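Each remark here refers to the structure printed beneath this line.
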2 protein chains.
Amino acid sequence: MPNLRIPLRFQLLTARISSVSTKRISAALDDTSKAIIEQLQRDGRRSYAEIGKAVGLSEAAVRQRVQKLTDAGVMQIVAVTDPMRLGFSRQAMLGIRVSGDTRIVADLLAEMSEISYVVLSAGSFDIIAEVVCEDDDGLIELLNEKIRGIEGVSSTESFLYLQLTKQKYDWGTR
Amino acid sequence: MPNLRIPLRFQLLTARISSVSTKRISAALDDTSKAIIEQLQRDGRRSYAEIGKAVGLSEAAVRQRVQKLTDAGVMQIVAVTDPMRLGFSRQAMLGIRVSGDTRIVADLLAEMSEISYVVLSAGSFDIIAEVVCEDDDGLIELLNEKIRGIEGVSSTESFLYLQLTKQKYDWGTR
DNA sequence: ACTGAAAACCAAGATTT
DNA sequence: AAATCTTGGTTTTCAGT
């Protein structure tokens, strides 16, 4: 069973890869599969029959394709919550410089509930992390009490979010 | 009808807000709703009956709550595709400095299909953007031919992804 | 494509706050 | 009174053959 506490892409990249092997599907989805995915991107609970009508397939055929796509880890149907709607209104991207093993620091960051995104990167930052806090106080506290206290963190730089202009997850279908 | 080409949070933040007013739910979800959301984060197509069994509610009650949560924009059930699985293996975060109106540049970036994420930020970068390309050539081309050519982009800095350590979307339920 | 089983839907009615 | 949950009957979908 995959670790389900971190749902979307992270899960796709880790848990699933182990079981399905690293076969790459490339952009080799046919138009019908793309159309099915598009339907489900609009509404993940749309019925197979309805999707079938839209893409010109029988209900059963749609169901089989959806099964295949999810089994292969190409697609996942999940609920996503909106931090803003839940009172987490202060977001920021952090650039972090590390002395020592970046993976150890990244793992510590990943354990923090306020941190939604952690990547190891090449460039003038070793780690990039996204934080989601209720307010400025939460962010200040997180930075000073938790992040800067991590052994090996030599400096951090914050980029407060002013406005989220775009976010998408629909690779391969457009 | 909301613009569905940009599915998740962006949609939640824009299209939905207009119709539902800006009421904030705060962390005021009761435990039952949280439990329902958790179920759907594991599998967005789990049946209402099954969820009901898990959270101690009737099938109809679960359906009503899910309806409310999605109508309120707290949650959305969608298909998410994995860029890696589809052959987009080179990702990077870009820090962009802009002279002039950052929103205009951000909108231009948002139109590019390789760019998955755009935020206006305060700090030493005016815009932060995530790019997802098939390979290094794609990234180089994007940077030089498209991004650096935008009027008002004064400098860019790239942070290539080495490893995605964490990604989550489940605010409010943990 | 067909079929039994399951789930979703709908409309009241009951219960809670 | 308003919101929320349950129940029972009906339609639709699901999953296996």
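All values reported here derive from a predicted model rather than from experimental measurement. Here is the naming used below: chain letters follow the sequence lines, and residue numbers restart at 1 for every chain.
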task = Taking only the side-chain nitrogens and oxygens of B/K68, find out if one of them lies under 4.0 Å from OP1 or OP2 of D/dA3.
result = no

inquiry  = Quick check on C/dA7: is either OP1 or OP2 less than 4.0 Å from any side-chain nitrogen or oxygen of B/R46?
reply    = no

note = To the nearest angstrom, the CG-P distance between A/D43 and C/dA8 comes to 13 Å

note = Of B/D31, B/D30, B/V55, B/L29, the one forming a side-chain contact (heavy atoms from CB on, under 4.5 Å) with B/I36 is B/V55

ask   = In the single-linkage hydrophobic clustering (I, L, V, M, F, W, Y; side-chain heavy atoms under 4.5 Å), do B/L108 and B/I147 co-cluster?
value = yes

Separation of D/dT4 P from B/L29 CG (nearest whole Å) = 13 Å

ask   = Does a side chain donor of either B/S155 or B/R97 reach within less than 3.5 Å of an acceptor in the other side chain?
value = yes

request  = Describe, in one word, how the ring planes of B/F159 and A/F125 are oriented to each other, choosing from parallel (under 30°), tilted (30 to 60°) and perpendicular (over 60°).
outcome  = parallel

ask   = Once you round it to whole Å, what is the distance between C1' of D/dA3 and CG of B/D30?
value = 13 Å

message = Under 4.0 Å, heavy atom to any atom of DNA chain D: which of residues 57-67 of chain B qualify?
response = B/L57, B/S58, B/A60, B/A61, B/Q64, B/R65

query = salt bridge (Lys or Arg N to Asp or Glu O under 4.0 Å) with A/K146: which of A/E111, A/E141, A/E114?
reply = A/E114

task = Return the 5'-most residue of the pair B/T32, B/R45 with respect to DNA chain D, ranking by each residue's nearest nucleotide.
result = B/T32

query = Taking it one step at a time, do A/E38 and A/K34 satisfy salt bridge (Lys or Arg N to Asp or Glu O under 4.0 Å)?
reply = CA-CA 6 Å; A/E38 263 177 80; A/K34 285 186 188 179; over 6 Å; no

